[in-house]
Each structure stands twice: as structure tokens, then as C-alpha cells.
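Structure first, commentary second.
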Amino acid sequence: MTAHRIDKAAIARYRRDGFLAPLPVMDEAAMAAQLAQVDALAAMRAGRIAPGHNVKVHLLAPFLWDMVHHPAILDPIEQLLGPDLLCWAAGFFDKAPGTPQHVTWHQDATYWGLSAPQALTAWIAFTPSLPDNGCMRVSPGSHRTPLVHVDTRDNDVMLPGREAIAEEVDESKAVDIQLRPGEMSLHDVMLVDGSRANMSTQRRCGFAIRYIPAHLRSIGPVRASATLVRGRDHGHFDLEQAPEAPYHPAALDRYSGVLRRWMRNVLPNMGGQS
């Protein structure tokens, strides 16, 4: 047993509702230091992390590589997905105060192109995540049925495919996932989730890490890559390498190939939603 494991009641809640929150990862002071590194990383590239770099940004910054391997994140995920774990993707959802960017109601699995919807997202709060600044919202129990998605054609939607489910969500039953810096939520890849725009004066920055069990396969046209974070590799993905330094030339060169393959597998699925 470790300090980061969850009990049977928490596992049962996750299976029933499709999410679990809040769970501790690190204290607020440690997370403040992580946020400073995020801003330093952005400052290296014109003040922001480019969308193309935000697909698997842990391959471009050692501190984020370390985070996707963090025991406080992986211990409960191992209980939910099994001992052999891969990080399939990781990126920031960073909302500046008073901006229109938002996340429509959607299911994460829509375009992942995996052999089964057995995956989850760990959403780590780098800043407070509250209703006023656009915290994540979920529809409990909505993870049991795949839903049709459409392209909203709204460029303020923060999802790669600008997608949204085609049916209405009962807002009265939606739950706000409120997190302090250093806390995380876990949600099933099929759970309907979204978030409103940040109409507050406080930044909302979260890091979404996509984890899959290593027995899954990519069903796209090219062999995919992933990061082995725990346990045994099952040989279905090319394994990604740790970055030598932030935006190191060798890491950037590897990343360009990784991104090309990711886009070949994912973009056709996005196009099929509209």
C-alpha cells in the first residue's frame, strides 16, 4: 500500500459516476514552482506553448516528463486501468482572465482511434480551478454510452476538433470539478465533460494527461507512439523518449515525427464528426 492509493469506495464511485475528485498530487508551493516552469517554457517560444507542441508537451520539457510519471498520479490510475500504463498525450488547457475560450460538452474518446474506450484523463490543476474561472464540468454517469459529435466550427472551442456532442446535457445535474493548485481529477474517456469561459480576473491553468492501459492498440493507418509510464510494454506502440532539456533540438526533431504520426491517426477521426 502507498499513500497515493484510493480505497474501494472511491473506485466504486469512479465506476458509477465516471470521475473522481479531488485527489492530491503535490502541495500548493510545489505546484507554484511547476507553474513558473510552464511560464518559462512559454517564454522560450514567443510567450505561449504552440498548439502543435501542446499535443504531447511532456516530450519537450523534462519537468512535464517527470509529472506524467508522478506516483501520486499513477498510483490511483493503476488501480483503475491496471499495472501496465502508457501516456498517450498530454497538454495544457490554459484560460486567461476574461477570455472567450471554452470547452464544449464532449467525450474525450471521440477521435483517439484506440482499440477500446478503456482510458482516462488526469486533469492536474496548476492554478485554482473554480466555477468563476471556467473549471471543468462533468455529467455524472454519462460514460456508458458513446454519443454522436459534430464540429461546432467555433474557434473559441479549445478542443482540437472543435467538437461537441449533438444532444443536450441536463445542466441541472452537471457537477463543477473544483480543484486547488496541486489537486487533480480523474475522468473516464467516455464521460461527457466541458467548461465555460473564464469570466473572472484569475487565470485557470490545467494539465490534461491521457493515460491508456498498455494492452490497447492504435487502429489508425500508421503505427503510433506513446510513453511507457509504469509496468510492462506490450509492444503495440513505439516508445517515446525523455527530452534532454526544454525544447532541446534532438527532442524537437523527434517530436516532429511523433506529431506527424499522431495527426495521421487522429485527424481523419475529427473529420468524420462534422
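All values reported here derive from a predicted model rather than from experimental measurement.
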Where the side chain of Arg204 meets the backbone of Phe93, is there a donor-acceptor pair that is under 3.5 Å apart? yes
Tyr255: which residues meet the ring-ring contact (aromatic ring centres under 6.0 Å, His included) condition with it, sequence neighbours left out? His53
According to a hydrophobic-cluster definition based on side-chain heavy atoms being under 4.5 Å apart (Ile, Leu, Val, Met, Phe, Trp, Tyr only), do Val222 and Ile212 belong together? no
Give a yes or no on whether the backbone of Gly235 and the side-chain of Asp233 come within a donor-acceptor separation of less than 3.5 Å. yes
Main-chain N/O of Pro100 paired with Asp156 side-chain donor or acceptor, under 3.5 Å: no
Which pair of heavy atoms, one from His236 and one from His215, lies closest together, and at what distance? CD2-O, 3.3 Å
Please report the shortest heavy-atom distance between Lys56 and Ser225, naming the atom on each side. NZ-O, 3.2 Å
With Asp94, which residues qualify under side chain to side chain donor-acceptor pair (under 3.5 Å), at least two apart? Arg203
Salt bridge check, Arg162 against Asp151: does any charged N sit closer than 4.0 Å to a carboxylate O? yes
Assess whether salt bridge (Lys or Arg N to Asp or Glu O under 4.0 Å) is satisfied between Asp75 and Arg230, documenting all intermediate values. CA-CA 10 Å; Asp75 285 351; Arg230 180 165 288 187; 2.6 Å; yes
Is the backbone of Phe126 close enough, under 3.5 Å, to the side chain of Gln34 for a donor and an acceptor to pair up by distance? no
Taking Arg15's backbone N and O only, do any of them form a donor-acceptor pair with His143's side chain (distance below 3.5 Å, no angle check)? yes
Begin from the C-alpha positions of Glu240 and Trp65 and carry the test side chain to side chain donor-acceptor pair (under 3.5 Å) through to its verdict. CA-CA 11 Å; Glu240 296 159 345; Trp65 176 272; over 6 Å; no
The test is side chain to side chain contact (heavy atoms under 4.5 Å, CB included); show your working for Ser218 and Phe237 and say whether it passes. CA-CA 8 Å; Ser218 172; Phe237 293 82; 4.0 Å; yes
Between Leu191 and Asp17, what is the shortest heavy-atom contact and its length? CD1-O, 3.4 Å
Does some side-chain heavy atom of Leu23 sit less than 4.5 Å from a side-chain heavy atom of Ser185? no
Using atom types as modelled and distance alone, determine if a side-chain donor or acceptor of Gln202 lies under 3.5 Å from a backbone N or O of Pro128. no
Donor-acceptor under 3.5 Å (Asn198 side chain, Gly134 main chain): no
Would you say Arg180 has more than 12 foreign heavy atoms packed within less than 6.0 Å of its CZ? no
Between the main-chain N or O of Arg16 and the side-chain N or O of Arg144, is there a donor-acceptor pair closer than 3.5 Å? yes
What heavy-atom pair brings Trp112 and Ala119 nearest, and what distance separates the two atoms? CZ3-CB, 3.8 Å
Taking CZ in Arg254 as the centre, count heavy atoms belonging to other residues, nucleotides or ligands within less than 6.0 Å. Is the count above 12? yes
If we ignore hydrogens and angles and just use 3.5 Å, is the side chain of Ser142 paired with the main-chain N or O of Val192 as donor and acceptor? yes
Heavy-atom side-chain proximity of Asp193 to Asp108 below 4.5 angstrom: yes
Please tell me whether Met136 and Val25 are part of a single hydrophobic cluster in this structure, the criterion being side-chain heavy atoms less than 4.5 Å apart. no
For Glu168, is the CD atom crowded, meaning more than 12 foreign heavy atoms sit under 6.0 Å from it? no
